[in-house]
Amino acid sequence: MSDSDLASKYVLQTAGFDARFPNTNQTRHCFQNYTDYFKCIAAKGEDFAPCKQFKRAYHSLCPNAWIAKFDDQRENGTFPASLEP
């Protein structure tokens, strides 16, 4: 498969600039988008389109190991933040 075929098949995006997190360390930005996504789907449901932006952002910013850890903590009830809307 050529590069042009791949480019037409996949659209790669990263999270846009967020004025709340102007520094290069994006740890807090990662965590905030993760919590915002789960708060959003709790309030509006998984089919609510704006919630998907939070999911794309945290998948772009967070290492996969962190996402897995956050998911485990959420399932075990030990996640350090409230996910209530």
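The structure displayed is predicted, hence computed values, not measured ones.
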Results of side chain to side chain contact (heavy atoms under 4.5 Å, CB included) for Ala81 - residues two or more places apart only: Phe31, Thr35, Phe79

Atom pair CZ/OH of Phe54 and Tyr37 - distance to nearest 0.5 Å: 11.5 Å

Set of side chain to side chain contact (heavy atoms under 4.5 Å, CB included) partners for Lys39, sequence neighbours left out: none

Asp71: salt bridge (charged side-chain N to carboxylate O under 4.0 Å, His left out) partners, not counting sequence neighbours: Arg74

Pair Asn76-Gln73, side chain to side chain contact (heavy atoms under 4.5 Å, CB included): steps then yes or no: CA-CA 5 Å; Asn76 296 332; Gln73 288 176 336; 5.9 Å; no

Hydrophobic cluster identity match, Leu83 and Leu61, side-chain contacts under 4.5 Å: no

Minimum heavy-atom distance Lys52-Glu46, with the two atoms named: CE-O, 4.0 Å

Residue Asn64 excluded, over 12 heavy atoms near CG under 6.0 Å: no

Min side-chain heavy-atom separation Tyr58-Phe38 under 4.5 Å: yes

Set of side chain to side chain contact (heavy atoms under 4.5 Å, CB included) partners for Ser82, sequence neighbours left out: Glu84

Pairs touching residues 47-85 that satisfy disulfide (SG to SG under 2.5 Å), sequence neighbours left out: Cys30-Cys62, Cys40-Cys51

Inter-residue atom distance His29.NE2 - Ser60.OG, 0.5 Å rounding: 9.0 Å

Interatomic distance, Asn33 atom CG to His59 atom NE2 [nearest 0.5 angstrom]: 11.0 Å

Any residue meeting salt bridge (charged side-chain N to carboxylate O under 4.0 Å, His left out) with Arg56, in chain and number order, not counting sequence neighbours: none

